[in-house]
Structures are given as C-alpha cells and as structure tokens.
A.B. asks: 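Before anything else, here's the structure in question.
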Amino acid sequence: MSNKKRIGVLVSGGGTNLQALIDAQARGELTSGEIAVVVASKPGVFALERAAKAGIEGIVVERKSFSDKASFEAKLLEELSNRQIDILILAGFMLVLSDDFVKQFPDRIINVHPALIPSFCGDGFYGLHVHERALEYGVKVTGATVHFVNEVTDGGAIILQKAVEIPEGISAEDLQQKVMKEAEHILLPKAAELLCAGKVKRDGRRVMIYE
Ligand code: GRF
C-alpha cells in the first residue's frame, strides 16, 4: 500500500486553488500526498468539473440539506472516513468548521487566505471583499497565507506566507487575480507537500518547516 497521505480538498466555487493542487500533482511536485476526493459544499460548482477532468472523485455535501451544522459535519466526516482521508485542504471552502470537527483532524486541516494574516481576515473577509478592503486601506503590499484551521475564521497558526506588491491604480478584480497567480497557487501546493511529508511542526502559534 502507498504511504502517500490521502488528501480531501473542500471547495465551494471555481476551484483555481484546487487546479493548482492538481497541476502540482501532475508535475510531480505533490508526491507525499494524493488528492483522493474533492468535496463541494454545493452542487454545480466548477471545481467539481476540474476534479472530474483530472479523474478525481467529486462529491457534494450540501449544508442546506441538513437541519443543523452538527448533522452536516457528521455527514462530511462520514464521507471522509469512508475514504480514509488523512489531510484536509480548504480551497475556497466558504463554511467555518466547528471546533468538534476540527479536533478530528488535529493539525491536519489547512486553508488558503488571500491576504497577509492578521490583516484583512476574519468574518466577512472573503472573495473580492478582501482585496477591496486592502485597496481602500491603501496598503502597498498584500499577499496570501496558508494556515492551520481552527474554529476561528482565519485564526489558526500560520504555515506559509507570500507577499505581493500592489501596483498603483489596480482594480480589486485584477488584484485578486494577481494574488492568486503570484501567491495562492504557489503556496498551497507547497504547503500541502510539506504537510504530507511530515515537514510541518507546530508549537502553539509558531510553525516550523523542516525542508
Ligand atoms: C481564494 O481566493 C482563496 O484564497 C479563498 O477563496 C478563493 C477561492 O478561489 N479562500 P478558488 O475557488 O480556489 O478559485
């Protein structure tokens, strides 16, 4: 049996970060883990098409099919356990997971956020809003962060960050694309490989990378 970690990628949208993971796997840059399943929080999202095209199983566990968060998470956990998933990657997953759920995967859930945490993060900072707020504030540098997931939105310990300069006059839409291309799509596969290879260790909020 392969000793690769089995990765579950949780998505809610277009899935460009999922695509970056698929491409890294195809290029041989994600070798310590393999994407075993893509779970979408709603049907019809383009990320599922990306998974299908790459020959990866895609399933839907829809929040609104369940009366409460606990039963939704129980179903999610069941689907992941059935597939012996070791590592969870949130790649544009729009729901906040409960503490109880997160405890099932200690230091084994990561998320990518399109800003340099602790700036422009937390509740309400998602999608284009993050970049609009960065432009409104007038920061000259933004970037992306890959962090462990805990029960606080964007609150877990930081694994990797990459800065992106903000050109004068850029639109929020163009900044979003720039941050994805120059930071998110590079950092997420890198963090996934490091985590699957056992090269990421956490001591409280401080994360050490053993490359
Ligand atoms: C990305 O900006 C990611 O950082 C954030 O949600 C967005 C998802 O985009 N968490 P995509 O679905 O990966 O294209």
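This chain uses plain numbering: 1 for the first residue, then up along the sequence.
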A.B. asks: Are Val200 and Leu160 co-members of a hydrophobic cluster defined by side-chain heavy atoms under 4.5 Å apart?
C.D. replies: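 As far as the 4.5 Å side-chain criterion goes, Val200 and Leu160 are connected within one cluster.
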A.B. asks: Short question: side chain of Lys5, backbone of Ser32 - any donor-acceptor pair under 3.5 Å?
C.D. replies: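 Absent.
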A.B. asks: Distance from Glu168 atom CD to Lys140 atom NZ, nearest 0.5 Å?
C.D. replies: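 Going from the CD atom of Glu168 to the NZ atom of Lys140 covers 5.5 Å.
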A.B. asks: Where the side chain of Thr31 meets the backbone of Gly28, is there a donor-acceptor pair that is under 3.5 Å apart?
C.D. replies: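 No, the answer is negative, given that no donor and acceptor are paired below the 3.5 Å cut-off.
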A.B. asks: Examine the side chains of His185 and Thr16 and answer whether a donor and an acceptor come within less than 3.5 Å of each other.
C.D. replies: yes
A.B. asks: Is a donor on one side and an acceptor on the other found under 3.5 Å between the side chain of Gln104 and the backbone of Leu77?
C.D. replies: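 Looks like no, no N/O pair under 3.5 Å.
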A.B. asks: List, one per line, each side-chain donor-acceptor pair under 3.5 Å for residues 204-211, sequence neighbours excluded.
C.D. replies:
residue, atom, partner, partner atom, Å
Arg205, NH1, Gly155, O, 2.9
Arg205, NH2, Gly155, O, 3.4
Arg205, NH2, Gly156, O, 3.2

A.B. asks: Mind running side-chain contact (heavy atoms from CB on, under 4.5 Å) on Ser119 and Val139 for me, showing each step along the way?
C.D. replies: CA-CA 10 Å; Ser119 289; Val139 291; 6.0 Å; no
A.B. asks: Rounded at 0.5 Å granularity, tell me how far CG in Asp99 sits from NZ in Lys103.
C.D. replies: 4.0 Å
A.B. asks: Roughly how far, to the nearest 0.5 Å, is the NZ atom of Lys75 from the CD1 atom of Ile59?
C.D. replies: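 Result: 7.5 Å between the selected atoms.
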A.B. asks: Hydrophobic cluster membership, with links at side-chain heavy-atom distances under 4.5 Å among I/L/V/M/F/W/Y: are Leu97 and Ile85 in one?
C.D. replies: yes
A.B. asks: Within this structure, what is the CG-CZ distance for the pair Leu88 and Phe93, rounded to the nearest 0.5 Å?
C.D. replies: 9.0 Å
A.B. asks: Working to the nearest 0.5 angstrom, can you tell me the gap between Leu18 CG and Phe46 CZ?
C.D. replies: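 Between atom CG of Leu18 and atom CZ of Phe46 there are 10.5 Å.
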A.B. asks: For side-chain contact (heavy atoms from CB on, under 4.5 Å), just list the numbers for Leu21 and Gln25, CA-CA rounded to whole Å, side-chain angles, deciding distance to a tenth of an Å, and then say yes or no.
C.D. replies: CA-CA 6 Å; Leu21 291 164; Gln25 188 166 276; over 6 Å; no
A.B. asks: Hey, does Val60 have a side-chain heavy atom less than 4.5 Å from the side chain of Pro43?
C.D. replies: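 Result yes, sub-4.5 Å side-chain heavy-atom pair found.
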A.B. asks: Taking C-beta and beyond as the side chain, do Ile110 and Phe148 meet within less than 4.5 Å on heavy atoms?
C.D. replies: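 They are in side-chain contact.
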A.B. asks: Show, in sequence, the C-alpha distance, side-chain angles and deciding distance for Lys42 and Arg63, and conclude whether the side-chain contact (heavy atoms from CB on, under 4.5 Å) test is met.
C.D. replies: CA-CA 8 Å; Lys42 49 187 178 194; Arg63 171 66 185 87; over 6 Å; no
A.B. asks: Is Leu187 linked to Val112 within one hydrophobic cluster, defined over Ile, Leu, Val, Met, Phe, Trp and Tyr using a side-chain heavy-atom separation of less than 4.5 Å?
C.D. replies: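 Yes, one cluster joins them.
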A.B. asks: What's the separation between atom CD1 in Ile186 and atom CD in Glu29, rounded to the nearest 0.5 Å?
C.D. replies: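 Between Ile186 CD1 and Glu29 CD, I get 10.5 Å after rounding to 0.5 Å.
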A.B. asks: Could you state whether Leu90 and Phe72 fall into the same hydrophobic cluster, counting links through intermediate Ile, Leu, Val, Met, Phe, Trp or Tyr residues with side-chain heavy atoms under 4.5 angstrom apart?
C.D. replies: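 In one cluster with Leu90: Phe72, yes.
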A.B. asks: Which salt bridge (charged side-chain N to carboxylate O under 4.0 Å, His left out) pairs, counting each pair once, include a residue from residues 81-96, with sequence neighbours left out?
C.D. replies: Glu57-Arg83, Glu79-Arg83
A.B. asks: Might you work through the side-chain contact (heavy atoms from CB on, under 4.5 Å) test for Val96 and Glu151, ending with a clear yes or no?
C.D. replies: CA-CA 7 Å; Val96 178; Glu151 74 292 354; 6.0 Å; no
A.B. asks: If only atom types and distance count, is the side chain of Glu73 paired as donor or acceptor with the main-chain N or O of Ser98 below 3.5 Å?
C.D. replies: yes
A.B. asks: Knowing that exactly one of Leu188, Val146, Leu195, Leu10 qualifies, which makes a side chain to side chain contact (heavy atoms under 4.5 Å, CB included) with Ile89?
C.D. replies: Leu188
A.B. asks: Would you say Gln161's side chain and Ile117's backbone share a donor-acceptor pair under 3.5 angstrom?
C.D. replies: yes
A.B. asks: Compare all side-chain heavy atoms of Val39 with those of Leu80 and state whether any distance is below 4.5 angstrom.
C.D. replies: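 When only atoms from C-beta onward are counted, Leu80 and Val39 do touch, with a gap below 4.5 Å.
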A.B. asks: Just checking, any donor-acceptor pair under 3.5 angstrom between side chains of Arg50 and Gln19?
C.D. replies: yes
A.B. asks: For residues Thr142 and Lys178, determine if any side-chain heavy atom of one lies less than 4.5 Å from a side-chain heavy atom of the other.
C.D. replies: no
A.B. asks: Given Glu184, which partner from the list Val164, Thr145, Val179 fulfils the side chain to side chain contact (heavy atoms under 4.5 Å, CB included) test?
C.D. replies: Val179
A.B. asks: Is the shortest side-chain heavy-atom distance between Gln176 and Pro114 below 4.5 Å?
C.D. replies: no
